[in-house]
Amino acid sequence: MLEVIGFPLLLSLQVAVIATSTSFVFGIILAWIFTVYHNKWTELLSLMMMLPLVLPPTVLGYYIMLLLGSNSWIGRFIEAVSGSTVLFTWQAAVIAAAIAALPLIIRPMQAAFESINTNTLEAAQLDGASKWQIFIRIMTPLSYKGMIAGVVLGFARAIGEFGATLMVAGNIPGKTQTLSIAIYDSVQANRMNEAHLMVMVLSITTILILLVTTKFLKQ
């Protein structure tokens, strides 16, 4: 039984870690932009970044397919560089999970940035600090709890991603089958004992992450 869930569990963790790390980098940049710059373009970009929260996962997956498919310039560029399409690979699962997790990472970070006293930032600016110095030495230390909260929410979303992942990575056992997809596959095949075990493992994993993070944030 453990052999059955071994690969999906490891793949889910791998996908979630890489997707969360990638989204964290983009998320912290975007959260900073949305905090510092207020104009119609940043408002439009902010709105677009929140779309994964409201779009049905299959619709999100469909857009990602169009974005990475052979008919798009991004898809053709990837094929020219790597020699094959990224669709229906574990890398496609990473992309789907990263896009799905991105808004959940941006929001807590942006809220943490916006909660910083503007007098502090203005005083640093008057003293000659650059935006980069203000970000590294003031905003980041004062916002670390918001960053951690964003990472936890993003990781939880990434490890449980299903709809978009199924659309772009498929359900290929031993290759792209994450734990969420393996649960769906087991239920469809009426292998309920496997499904019970995988649901329990996924639930315990996410609950432990939340408990550890909550305890850390209270310190």
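The first residue of the sequence shown is numbered 1, and numbering continues consecutively from there.
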Next item on the list: Any chance you could measure Met139, atom CE, to Met147, atom CE, to the nearest 0.5 Å?
Entry: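 Those atoms lie 8.0 Å apart.
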Tell me if a side-chain donor or acceptor on [X] pairs with a main-chain N or O of [Y] at a distance below 3.5 Å.
| X | Y | result |
| --- | --- | --- |
| Thr176 | Ala169 | yes |
| Thr206 | Ser203 | yes |
| Ser186 | Glu194 | no |
| Ser46 | Thr42 | no |
| Asn39 | Trp41 | yes |

Indicate yes or no: at least one non-hydrogen side-chain atom of [X] is less than 4.5 angstrom from one of [Y].
| X | Y | value |
| --- | --- | --- |
| Asp185 | Arg191 | yes |
| Thr58 | Leu166 | no |
| Met109 | Leu30 | no |
| Val168 | Ile95 | no |
| Thr35 | Phe135 | no |

Next item on the list: Under the side chain to side chain contact (heavy atoms under 4.5 Å, CB included) rule, collect the residues that match up with Met200, sequence neighbours excluded.
Entry: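 By the side chain to side chain contact (heavy atoms under 4.5 Å, CB included) rule, Met200 matches Leu197, Ile204.
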Notebook entry, point to check: Listed by chain and number, what are the salt bridge (Lys or Arg N to Asp or Glu O under 4.0 Å) partners of Arg137, not counting sequence neighbours?
Noted result: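 With sequence neighbours excluded, Arg137 shows a salt bridge (Lys or Arg N to Asp or Glu O under 4.0 Å) to no residue whatsoever.
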Next item on the list: Under the side-chain hydrogen bond (donor to acceptor under 3.5 Å, both in side chains) rule, collect the residues that match up with Gln133, sequence neighbours excluded.
Entry: Ser130
Notebook entry, point to check: Who passes side-chain hydrogen bond (donor to acceptor under 3.5 Å, both in side chains) against Thr178, sequence neighbours left out?
Noted result: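 side-chain hydrogen bond (donor to acceptor under 3.5 Å, both in side chains) list for Thr178, sorted by chain: empty.
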Counting only pairs under 3.5 Å, give me each side-chain donor-acceptor contact of residues 150-159, with atom names and distances, residues two or more places apart or in other chains.
{"from": "Arg157", "atom 1": "NH1", "to": "Glu161", "atom 2": "OE2", "distance (Å)": "3.4"}
{"from": "Arg157", "atom 1": "NH2", "to": "Glu161", "atom 2": "OE2", "distance (Å)": "3.4"}

Note to self: Looking at every heavy atom in both Arg76 and Ser70, which two are closest together, and how far apart are they?
What the structure shows: CG-O, 3.1 Å
Note to self: Going by ring-ring contact (aromatic ring centres under 6.0 Å, His included), name the residues that satisfy it together with Tyr37, two or more places apart in sequence or in a different chain.
What the structure shows: Trp32
